[in-house]
Amino acid sequence: MIDLLAYLLITIALIFMALGVVGLFRFKDFYSRILISAKIETVGFLTIMIGFVILSGFSYAAMKILLITLMVMITNPLSTHAIARSAFLSGYAINQGSRP
Amino acid sequence: MTENIFLITLVVLALIALNTKKLRRAVVYLGIFSLVSSFVYLLYGAPDVAIAEAIIGSTITTVLYLVALRKYQVFSIFYSKSENDHNISYIKNNAPFLNNLEAFLIKCEMEPQIIYSGESIETILDQKKFDLAIHHTDQDIWIYGCAEDYQIDAVENYLHDNHGDLNIHLIRCEEGDDNEA
Amino acid sequence: MTFLETTLLVIAIYITLVLVRVILGPTIWDRLLGLNAISAKIIMSIVILSIITQQSYLLDVALVYALLGFISTVLIARFIEKKGDIS
């Protein structure tokens, strides 16, 4: 029963990441792509890691997985922000006409 | 099946990193290459090698390559157009001599780095570190370069031989503090 | 093929799809975005591998990745900053 919940969470996370990959190709503007990537990657990572914690039970490995999740939750938005800041300071123009 | 996908990914990344023309792109490709290769080490049951690959290949090598790229003789060309137009493909189609100049510099074992700037030419001349600054107005092309730079004579001869029909004015700046890139 | 192995296969397919974006990407920031996404997906793959093989020391490798991928991404992003529309 508890395994079914974990499988459901992992499947939801896989669907999230599939949407993120589709968004990487569908959007024509760089800033739309980086928006999609930042949000979808973080939410998908959180969901799939919660699924793994449920699957591995209450143990030492589960604590390590939670620590990894905490690290990635902090560093992934920061690195995406660094990329977007670098692109914006370098003068990468926002393309106004490319609404999807 | 999963192993095969990762191994094919490794081969594709190595080929692309070898065949790319810009060194910055090769650094990014090699970063992805070392990430995937250390996962392959994990798949074959060698976690200690994987940790060493992650530390050395993914971080220290990236830092070393970036420092080496700074030290390498990068010939940075600032390109400023009179209109404030950000569309890169338009500029590229409109200036075929820029591609020829890039090919000439590659032949001279330099690495040209063309920067399409939207700022005015005075800002570039004052603040940026440049080797050549090109200002493209409607009729004329103004090229600014440092007077002590020995490459500028070769560039001048090349432009005089191959693009004599364009109105190219080459101006040698005197100051050497700002543009020793 | 169990559920977790299928998940690993699906993530491998995602990595190849993001790799297409990395190869096609018109500017270098698209490639950096792909590097970031691939790094996150590799961390997921390591966690799945450690659950499949019941070896919890593989999680240390994932922890090292989570920190070092961040450092390399930020370093490359700072290096190419303020250089105009480079490709």
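Residue numbers begin at 1 in each chain, while the letters A, B, ... track the order of the sequences. Owing to the predicted nature of the structure, the values given are computational and were not obtained by experimental measurement. Keep in mind that the numbers below use all heavy atoms, side chains included, and drop hydrogens, waters and symmetry copies.
No other option in I60(B), T2(B), V27(B) has as many heavy-atom pairs under 4.5 Å with chain C as T2(B). Ranking I51(B), I32(B), I5(B) against chain C, the residue ahead of the rest is I32(B), based on heavy-atom pairs under 4.5 Å. Interface summary for chain B: among I15(C), L67(C), I46(C), T53(C), the most heavy-atom pairs under 4.5 angstrom belong to I46(C).
For chain C, the nearby parts of F39(B) are the backbone and the side chain; heavy atoms of each come within less than 4.5 Å. Heavy-atom distances place no part of Y65(B) under 4.5 Å from chain C, backbone and side chain included. Contact of I23(C) with chain B is made through backbone and side chain together, with heavy-atom distances under 4.5 Å. The contact between I55(B) and chain C is made by backbone and side chain atoms together, counting heavy-atom distances below 4.5 Å. Interface residue L75(C): backbone and side-chain heavy atoms are both found under 4.5 Å from chain B. Only the side chain of L13(B) comes within contact range of chain C, with heavy atoms under 4.5 Å apart. L68(C) touches chain B through backbone and side chain together, each having a heavy atom under 4.5 Å away. For T20(B), no part lies near chain C; criterion is any non-hydrogen pair under 4.5 Å. Both the backbone and the side chain of S45(C) come within less than 4.5 Å of a heavy atom in chain B.
Residues M1(B) and L9(C) share a closest heavy-atom pair of CG-CD1, 3.5 Å. Scanning all heavy atoms of the two residues, the minimum distance from P47(B) to V61(C) falls at O-CG2, 4.1 Å. Between S72(C) and S58(B) the shortest heavy-atom distance is CB-O, 3.7 Å. Minimum interatomic distance between G31(B) and L35(C) (heavy atoms only, all atoms of both residues): C-CD1, 4.2 Å. Closest of all the heavy-atom pairs between V64(C) and A54(B) is CG1-CB, 4.4 Å. I71(C) and T59(B) get closest at one heavy-atom pair: CG2-CG2, 4.1 Å.
Of the inter-residue distances, the one linking F79(C) atom CZ with T62(B) atom OG1 reads 12.0 Å to the nearest 0.5 angstrom.
For F70(C), the CZ atom is densely surrounded, since the number of other residues' heavy atoms within 6.0 Å is greater than 12.
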